[in-house]
Amino acid sequence: MVMSFQGQQAKPQAESQQVVVRDFMTTKITTFQVDQTMHDVIQILIEKRISGGPVVDVDNHLVGVISEGDCLKQAVKGKYLNSPSLGATVSECMVTEVKTVSPNLNILDAAQMFLHLRLRRFPVVEEGKLLGQISQKDIMKAIHNLKETTW
């Protein structure tokens, strides 16, 4: 029997939960290819009601991210050039410096990254390949499932 410093029987401590990104990430995501047109991207974003997605090569390696903001930039650029064409390709408009997370990252560390970097989602990458993505909502679900005594 273990006694507390007050002489009472100590309650056994629960093991801390190791909850990682892999446990809560979304794996069924819409991806884009570098040769798609921005017109195609806009259509997909509208149809699927999403704000962007990862860009992958033929081997599913993450090469960038394309977003609504990138689409708007292309549309505005066309307006200023008096050429409102959305025929540019994803490779011309995507962001290539992408913050990613490992599937083995602790969920609370991922939450800290969201707060620090002020992003809404991160691609989850292992050995360069896209496995899925984790969003702030996914983090909230994970935290909601944690027991208070195991933090």
Side-chain angles (χ1 to χ4, degrees), residues 12-151:
Q13 290 197 357
E15 288 184 37
S16 67
Q17 298 176 24
Q18 290 299 319
V19 181
V20 295
V21 165
R22 183 185 309 274
D23 298 330
F24 285 90
M25 69 183 189
T26 302
T27 57
K28 294 180 181 177
I29 58 175
T30 300
T31 60
F32 297 92
Q33 309 299 313
V34 293
D35 59 349
Q36 284 181 278
T37 66
M38 293 305 288
H39 183 270
D40 292 339
V41 171
I42 291 171
Q43 182 177 346
I44 292 167
L45 294 180
I46 292 169
E47 285 175 4
K48 298 206 175 215
R49 296 180 178 184
I50 57 176
S51 60
V55 181
V56 294
D57 65 14
V58 293
D59 295 320
N60 204 42
H61 286 101
L62 181 69
V63 295
V65 170
I66 194 76
S67 69
E68 290 171 322
D70 300 320
C71 296
L72 291 176
K73 286 177 196 173
Q74 185 62 29
V76 169
K77 179 180 170 185
K79 176 70 175 164
Y80 282 118
L81 297 174
N82 200 23
S83 170
S85 171
L86 292 171
T89 62
V90 169
S91 64
E92 297 172 77
C93 304
M94 69 183 185
V95 172
T96 57
E97 291 186 27
V98 181
K99 297 286 185 190
T100 64
V101 296
S102 162
N104 301 315
L105 181 67
N106 181 287
I107 211 77
L108 296 175
D109 292 334
Q112 196 66 18
M113 287 180 67
F114 277 112
L115 293 172
H116 178 69
L117 297 172
R118 303 184 63 97
L119 297 172
R120 294 191 301 191
R121 69 189 61 81
F122 291 108
V124 180
V125 175
E126 189 169 54
E127 296 179 11
K129 291 198 177 195
L130 180 69
L131 300 180
Q133 76 178 12
I134 189 92
S135 68
Q136 289 184 12
K137 188 175 298 266
D138 296 326
I139 299 291
M140 289 190 311
K141 288 177 189 175
I143 290 171
H144 182 72
N145 288 341
L146 288 175
K147 296 181 178 127
E148 286 184 27
T149 60
T150 60
W151 282 57

Fill in: CG on Asp40 to CG on Leu45, rounded to 0.5 Å
10.5 Å
Discussion item. Looking at Leu119, is its backbone amide N or carbonyl O close enough to the side chain of Gln136 to form a donor-acceptor pair, meaning the two atoms are under 3.5 Å apart?
Written reply: yes
Item to complete: Give, for atom CE of Met113 and atom NE2 of His116, the distance between the pair rounded to the nearest 0.5 Å.
Response: 8.5 Å
Worksheet entry | Gap separating the CD atom of Gln36 from the CD atom of Gln43, nearest 0.5 angstrom | 10.5 Å
Response to the item:
The reported gap from CD in Gln74 to CD1 in Ile42 (rounded to nearest 0.5 angstrom) is 8.5 Å
Fill in: Nearest heavy-atom neighbours spanning Gln133 and Asp138
O-OD2, 3.8 Å
Item to complete: Working to the nearest 0.5 Å, report the span between CZ of Phe32 and CE of Met38.
Response: 9.0 Å
Discussion item. Evaluate Ile107 against Asp23 for side-chain contact (heavy atoms from CB on, under 4.5 Å), listing each step before the verdict.
Written reply: CA-CA 9 Å; Ile107 211 77; Asp23 298 330; over 6 Å; no
Discussion item. Within the structure provided, determine whether Asp57 and Val34 are in side-chain contact (heavy-atom separation under 4.5 Å).
Written reply: no
Item to complete: Determine the minimum heavy-atom distance between Val55 and Gln33, stating which atoms define it.
Response: CG1-C, 4.0 Å
Practice prompt. List the steps and the verdict of side-chain hydrogen bond (donor to acceptor under 3.5 Å, both in side chains) for Ser51 and Arg120.
Written response: CA-CA 10 Å; Ser51 60; Arg120 294 191 301 191; 3.1 Å; yes
Worksheet item: What residues, two or more places apart in sequence or in another chain, satisfy side-chain hydrogen bond (donor to acceptor under 3.5 Å, both in side chains) together with Glu126?
Response: Arg22
Practice prompt. Specify the closest pair of heavy atoms between Ser102 and Val21, including all atoms of both residues, with the distance to one decimal.
Written response: O-CB, 3.7 Å
Practice prompt. Report the C-alpha separation of Ile139 and Phe24 in whole Å, then their side-chain angles, then the decisive distance to 0.1 Å, and conclude whether the side-chain contact (heavy atoms from CB on, under 4.5 Å) test is met.
Written response: CA-CA 7 Å; Ile139 299 291; Phe24 285 90; over 6 Å; no
Taking only distance into account, with no hydrogens and no angle test, what donor-acceptor pairs under 3.5 Å do side-chain atoms of residues 59-68 form with protein atoms, sequence neighbours excluded?
| residue | atom | partner | partner atom | Å |
| --- | --- | --- | --- | --- |
| Asn60 | ND2 | Leu130 | O | 2.8 |
| Ser67 | OG | Gly69 | N | 3.3 |
| Ser67 | OG | Asp70 | N | 3.3 |
| Ser67 | OG | Asp70 | OD2 | 3.2 |

Worksheet item: If you take all heavy atoms of Thr30 and Pro54, which pair is closest and at what distance?
Response: O-CD, 3.5 Å
Discussion item. Going by side-chain hydrogen bond (donor to acceptor under 3.5 Å, both in side chains), name the residues that satisfy it together with Ser91, two or more places apart in sequence or in a different chain.
Written reply: Thr89
Worksheet item: Closest heavy-atom contact between Ile143 and Ala111?
Response: CD1-CB, 4.5 Å
Practice prompt. For residues Phe114 and Ser135, report the shortest heavy-atom separation together with the two atoms involved.
Written response: CZ-C, 3.6 Å
